[in-house]
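The figures that follow rest on heavy atoms only: side chains count, while hydrogens, waters and symmetry mates do not. Note that ligands are numbered from 1 as they come in the structure, with each ligand's atoms numbered from 1 the same way. This is a predicted model, so every value here is computed, not measured.
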Amino acid sequence: MKVLLIGGGGREHAIAWKLAESELLEKVFVAPGNGGTALEAKCENRTLVGEEAIAFAQTEGIAFTVVGPEAPLAEGIVDQFRKAGLAIIGPDKNAARLEASKVFAKDFMSRYGVRTAKSRAFSEYREALLYVETLAPAQKLVIKADGLAAGKGVLIAETIGEAKDALVSLMQERTLGDAGKTALIEEFLDGQEVSVLAAVSVRPGAHGVIRPFVAARDHKRRFDNNAGPNTGGMGAVAPVPDFSPAAQEDFIRHILEPTLRGMETEGFDYRGFIFFGLMIHRETCYLLEYNVRLGDPETQAVLPLMDADFTQLCLAMLDGSLAEFPLAWKRGAVCAPVAVADGYPGPYHKGDFISIDRTSFAHTNARLFVSGAELRGTALYTAGGRVVAVAAYGQDAVTAREQAYTALEAISFDTMAFRKDIGSVL
Ligand code: AMP
Ligand code: GLY
């Protein structure tokens, strides 16, 4: 069986590796892929632009396609593949609005009783300003762009003054373009963040199912102790020790189940992954956001713990047998710190040679997942802000972390920087 995977980051490297592990699989084509997928067993990179992906899937006899990132999902790649009679993992354009429009997602949550932060949407910036002026001056707020903004669409405002500045820049100056045409003003929630990735199989007229994976935690701030600017993710761990059984139950009851009911009621055809971005406050879960895909770098920490055939999981999502699928998890933990190019998330240098001491690396329980690096000859060179993640397995979180940081010592490039506390701070 041959599979096509769309995307080119660390998440896609992890997905490609996990797909390829299956005995059912002969080949994973990754479009465009990266230096890591180029070297992965049974994987091959392809450059496919626009409609070329459909033609390629048809001529190669691709069994199914998996979509990694949100942008093609929001643009309707799933609708196009299905129209061409091709099996594809991901939500259609309508359901992808759960991520592509925060206003749509919030309306969905309120329609189906999914617990979330209180918020109001505004498409007139004067009205938004008038509204914040009615609030207490010291109130902390979260200002969000409605549309996709590559991780830049959320601003935490410590004061009403900061909230107003954010609204002006978002809605009037349009610093994020049309993504900021409509803004959400949301109450600030205190607590610990948890990411729950899950497999979804919902089809019109049938009972749907959502199977959650082992929980993960991303570390979004650039520097140790959660200081500095937000990034795409500086490292992840799985599972999350402080996500208690009580909180997990609360998540199932107040977030997962109402989401499933909502998807069924809306008549979604959603055979893909979903990401619940949670804030946990005293065992009570609030949904901050849906992403209609797997997370990056959470996937790099979660998939090594999956004790199941990922290719078969995808087939079960497609054919409606997900409820019976034997989804199991290894005991133990994964710690996956990300090595970035210094300067990231601001400007950074590309093209550094990445030296890997393969012998020392092989002595650890770590796996290398490439995010932003390209293959030249047989060597990897940096090509992005987030460069590689090392996902190390251990019997417990402490061993996993030790293994991960030992493995990182085997890697070096001129601009290399990383957080030293992945998994040791909440
Ligand atoms: P989002 O893209 O909605 O997940 O927001 C990005 C980040 O902003 C989240 O991971 C949180 O750290 C933070 N955030 C979003 N909404 C809230 C909220 N209501 N209260 C506190 N922090 C939030
Ligand atoms: N790690 C957060 C995300 O994938 O959006």
Legend entry - Sub-4.0 Å atoms of ligand 2 with respect to non-hydrogen atoms of Gly295: 4 (O)
Legend entry - Arg386/Asp296 salt bridge by N-O under 4.0 Å criterion: yes
Legend entry - Lys/Arg-Asp/Glu bridge criterion (N-O < 4.0 Å) met for Asp269, Arg271: yes
Answer with side chain, backbone, both or neither: which part of [X] has a heavy atom less than 4.0 angstrom from an atom of ligand 2?
X      : result
Asn291 : side chain
Glu298 : side chain
Glu289 : neither

Inset, instruction - Decide salt bridge (charged side-chain N to carboxylate O under 4.0 Å, His left out) for Glu21 and Lys18; before the verdict, give the C-alpha distance in whole Å, the side-chain angles of both, and the deciding distance to 0.1 Å. - result: CA-CA 5 Å; Glu21 227 183 32; Lys18 195 66 187 167; 3.0 Å; yes
Inset, instruction - Determine the sole option in Phe251, Phe213, Phe243, Tyr286 for which the ring pair (Phe, Tyr, Trp, His ring centres under 6.0 Å) test with Phe276 is passed. - result: Phe251
Applying side-chain hydrogen bond (donor to acceptor under 3.5 Å, both in side chains), name anything that partners [X], two or more places apart in sequence or on another chain.
X      : value
Ser110 : none
Glu44  : Lys27, Arg46
Glu99  : Arg293

Inset, instruction - Look at atom 4 (O) of ligand 2 and find which of Leu294, Asp296, Thr231 reaches it with the closest heavy atom. - result: Asp296
Legend entry - Stepwise side-chain hydrogen bond (donor to acceptor under 3.5 Å, both in side chains) test for Ser424 and Asp421: CA-CA 5 Å; Ser424 54; Asp421 63 349; 5.4 Å; no
Inset, instruction - Would you please write out the protein residues whose heavy atoms approach any atom of ligand 1 to under 4.0 angstrom, listed by chain and number? - result: Lys102, Ala117, Val142, Lys144, Val154, Ile156, Glu186, Glu187, Phe188, Leu189, Glu193, Lys220, Met279, Leu288, Glu289
Inset, instruction - Please examine the side chains of Glu187 and Lys140, heavy atoms only from C-beta on, and report whether any two atoms are closer than 4.5 Å. - result: no
Legend entry - Check: Asp218 N/O within less than 3.5 Å of ligand 2 N/O: yes
Inset, instruction - May I ask whether Arg293 has any heavy atom positioned less than 4.0 angstrom from an atom of ligand 2? - result: yes
